[in-house]
Amino acid sequence: MRLLAFARSTAARRASLALTAVRRHHRPKRRPDADESFRLTYASMFDPPAEIHERLDLALSEVRANLGVEHAMLIAGQETRADGQFDARSPIDTDLLLGRFQDGTAEDVDAAVRAARGAWRAWAATPWQRRVDILLRAAALIEASVFHLAAVAVLEVGKNRMEALGEVQETVDLIRWYCREMQDHNGLVRDLPKDPVAGYSSRNRTLLKPYGVWAVIAPFNFPFALSGGPAAAALIAGNCVVFKAASATPWSGWLLAQCLREAGVPPGVFNYLTGGGARVGESLVRHADIAGVTFTGSYEVGMKIVRAFANHRYPRPCIAEMGGKNAAIVSRNADLERAAIGIVRSAFGMQGQKCSACSRLLVDRVVADQLVDRMLAHVRELRIGDPSERANWLGPVINRSAHERFSRFSAELGSEGQVLCGGRTLHEQGLARGYYCEPTIAQLRLGHALWREEMFLPILLLSPVGSLEEAMEVANGVDYALTAGFYGAKDEIDWFLDHVEAGVVYCNRPQGATTGAWPGYQAFGGWKASGSTGKGAGSVHYLQQYMREQSQTIVD
C-alpha cells in the first residue's frame, strides 16, 4: 500500500485498523448500559476506550521508525521535485527531522493549474455518482489508517493524542457528509414545472455545475480536516483542485494526496504543492485560471485573498475562514463547575491554536472569584510535555515565532494586567528543544488592544462584568464573530441566542465553551471578519458553494 511507506509491513497494517472497528467491537466497561459503542468526536474525546491508546502507541512507534524521508509534490499525477527543498521538524523536539519537502515555485504553480485545467472537462463530465464513489473510497482509506495518520499529526503539529485522532476521523466524516449531501439531493439537479404555454411542451430544470480549477490553501492546525474537507467538497462538485499545504505541516498534506490518488482520483484532478506562502500561495491566488479558492488562516492573509479575487475581470467565489476572538459569557446563575471545565478545555485545547479557541471570558462579578478558583484548579491538573505521551494534555505551540509571541504577550500582560496563572515558556525536564508555553489566564482592563487581537496561543483574558448586557456588548464589540459560549440559567439562553454575533454558539456545554464542532452535528463557519460567506463547513449549505447554478429550458 503506497499510502504510508511504513504501512507495507504486516505489523503496520495491523496497527492501522479503522476506528470504526473499535466502535463496533469495544464497549467501555465503565458504561455497561450504553446502547452503542464509542464514537469519537471532539465532544466525546475526553474518555476514550483504552484500546484506542494501545493502537495509537503501536502506530507512533512505526511512524518514529520511518522519519526523514524526502517527499515530492504531486502534479498531473506525477511526483515532481523542485530545485530546492526544506526540512520539516517537529515542534515537540526540533532535533526530530520529520522529512524533506519541495520548495515549490511559481512555475510549479503554473504546471499544477495547467494540469488541473486540462483534467477538468473530463472530471466535470464524470457522473456525480462516480465522483462520490471515489471520494467515499478515499474516506475509507483515511479511516483504515486513522492511527498512523493521527501519529503523524501528533509529531507534525504537536496535537495531543485524542485531538490528533479526532482530526483524522473528522476528515473522514466531512468527506462522507459531503458525499451524502450530493446523494440526498440527486446531484443537486431539480426538475421545475413546465411553462404554461399552449401548444408547446417545455421542460425546465435547475442544476448546479462546477466552476473549474479550485485552489485549497490549508492551515497548520488542522492539516487533514481543513484540507481534506474543502478539497473533497470541490472534487465531489466536479472541480479540479490545486492544494497548497501549510509550510509547517507538509507531511499531512502529502499523506492526504496519497489517499486521494489511491482512491482513484485521476491524474491532474488533485494536485499537491509545497513551499512558502510568498511564492506558492501568492502565485496560486493570483493565477488567472483559478476559478475559486478556499482559504483558512489569518484575517490579514484572508482579506488579501478576498481583495485579490475581487480585483479580476469578473467575480470569483472565495471561501475564506479567517479566525476568531471568541468569548464565553458566564452568568451569576451558571453551573460554575460546568463552565470552568468547558472554558479550560476550549481555551487551552491544542495550546489555544484553534480559530474557535476561547480567548475572552466575561463573567458576572458576583461569581467571578468562585469561577476563577475552579478554573485554576483545573489548569493545575493539566500536564504539559511531549503530546505523544498519554499523560500530557498540552503540547508545544507550532514554531519559534509563536513561542516568541507568547513571551511578548505575557510580558505585556504582566506589566499592564494581572497574570493569574502561567505566563512562562518552559525549558526544563527535556522541553528545551520544543516550543512549550504554560496555559495562561490574565485579568486585563477592557479596551486594551489584546482584547481585539487574535493571539492564537494558550492565553485567556478575563474581565468581571456588572451585567449580561455589558458582557454582550463586549463580546460583540470586536471584528471577529466565529464562535461564542454561554453558561447560565435556562431562561437566559434565548436572550443570549437573540443577541450574540457569532456563527457557532454553545450553551452550558462542559465539553467545550467555544470549540468542538463536528460534521453533521454542528456547522462551523463565522460571521463578520471570521468568514467571507456566512456558510459553515460540515453543514447542509456548504457543498453548493463549490458550484454555480444553471437554469435549463428545452422546448419540444
Side-chain angles (χ1 to χ4, degrees), residues 71 73-75 86 88 91 98-99 101-104 108-109 112-113 116 138 142 149-150 152-153 156-159 163-164 166-168 170-172 174-175 178 213-235 239-260 265 270-285 290 292-302 304-305 318-323 350 353-356 398-399 456 519 524-526 531-532 537-538 542 545-546:
H71 300 285
M73 296 182 288
L74 186 65
I75 299 175
F86 64 93
L98 303 179
F101 295 85
Q102 307 307 306
D103 194 6
D108 296 313
V109 171
V113 175
I142 295 170
L149 298 178
V152 169
E156 190 173 40
V157 187
K159 289 176 182 272
E163 287 271 9
E167 188 205 341
V168 178
E170 182 188 17
T171 310
V172 173
L174 281 168
I175 295 172
Y178 299 139
V213 181
W214 201 279
V216 173
I217 301 175
F220 76 84
N221 57 341
F222 288 88
F224 287 107
L226 293 181
S227 51
L235 293 170
N239 301 285
C240 290
V241 170
V242 179
F243 161 56
K244 182 204 172 299
S247 296
T249 53
W251 195 8
S252 299
W254 168 254
L255 295 173
L256 174 68
Q258 296 313 300
C259 290
L260 292 169
V265 173
F270 181 87
N271 304 271
Y272 155 77
L273 299 174
T274 51
R279 278 201 304 186
V280 178
E282 187 86 9
S283 298
L284 188 56
V285 167
I290 292 293
V293 64
T294 300
F295 166 81
T296 308
S298 71
Y299 169 79
E300 291 74 19
V301 175
K304 286 181 182 178
I305 294 174
C318 176
I319 302 172
E321 195 280 302
M322 298 177 287
M350 225 190 92
Q353 297 174 123
K354 299 179 181 181
C355 52
S356 59
I398 189 64
N399 55 25
F456 225 63
F524 186 80
S532 64
Y542 187 77
Q545 297 177 105
Y546 292 85

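Count residues from 1 along the sequence.
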Tell me the closest heavy-atom pair linking [X] and [Y], and the distance in Å.
X	Y	value
Asn271	Ala112	ND2-O, 3.7 Å
Val152	Ser252	CG1-OG, 4.1 Å
Ala537	Tyr542	CA-CD1, 3.5 Å
Ala164	Ala150	CB-O, 3.4 Å
Gly253	Ala245	CA-CB, 4.4 Å
Ala234	Val241	CB-CG2, 3.7 Å

I need the [X] [atom1] to [Y] [atom2] distance, nearest 0.5 Å.
X	Y	atom1	atom2	answer
Leu174	Glu167	CG	CD	10.0 Å
Leu256	Tyr272	CG	OH	9.5 Å
Leu284	Ile290	CG	CD1	4.5 Å
Met73	Phe243	CE	CZ	13.0 Å
Ile142	Ile175	CD1	CD1	4.0 Å
Asp108	Ser283	CG	OG	9.5 Å

| Is a side-chain N or O of Ser227 found less than 3.5 angstrom from the main chain of Ala218, in a donor-acceptor match? | no
| field | Candidates Pro230, Cys355, Pro219 - the one meeting side chain to side chain contact (heavy atoms under 4.5 Å, CB included) with Glu321 | value | Cys355
| Hey, which of Val285, Leu226, Ile305 is the one that makes side chain to side chain contact (heavy atoms under 4.5 Å, CB included) with Phe295? | Ile305
| query | Checking side-chain contact (heavy atoms from CB on, under 4.5 Å) for the pair Thr294/Tyr546: CA distance, chi angles, key distance, verdict? | reply | CA-CA 9 Å; Thr294 300; Tyr546 292 85; 2.8 Å; yes
| task | Sequence neighbours left out, what passes ring-ring contact (aromatic ring centres under 6.0 Å, His included) with Phe101? Give chain and number order. | result | His71
| query | Looking at Phe222, is Lys159 sitting on its ring face, NZ or CZ under 6.0 Å from the six-membered ring centre and within 45 degrees of the normal? | reply | yes
| By side-chain contact (heavy atoms from CB on, under 4.5 Å) - contacts of Thr249 (at least two apart) | Glu156, Val157, Phe220, Pro223, Ala246
| field | Contacts of type side-chain contact (heavy atoms from CB on, under 4.5 Å), residue Glu282, not counting sequence neighbours | value | Arg286
| Chi angles and distances behind the side-chain contact (heavy atoms from CB on, under 4.5 Å) call for Val242, Val213 | CA-CA 7 Å; Val242 179; Val213 181; 4.0 Å; yes
| request: Find out whether Asp103 and Arg279 are in side-chain contact, i.e. whether some heavy atom of one side chain is under 4.5 Å from a heavy atom of the other. | output: yes
| field | Validation row: Val216, Phe270 side chains within 4.5 angstrom (heavy atoms) | value | no
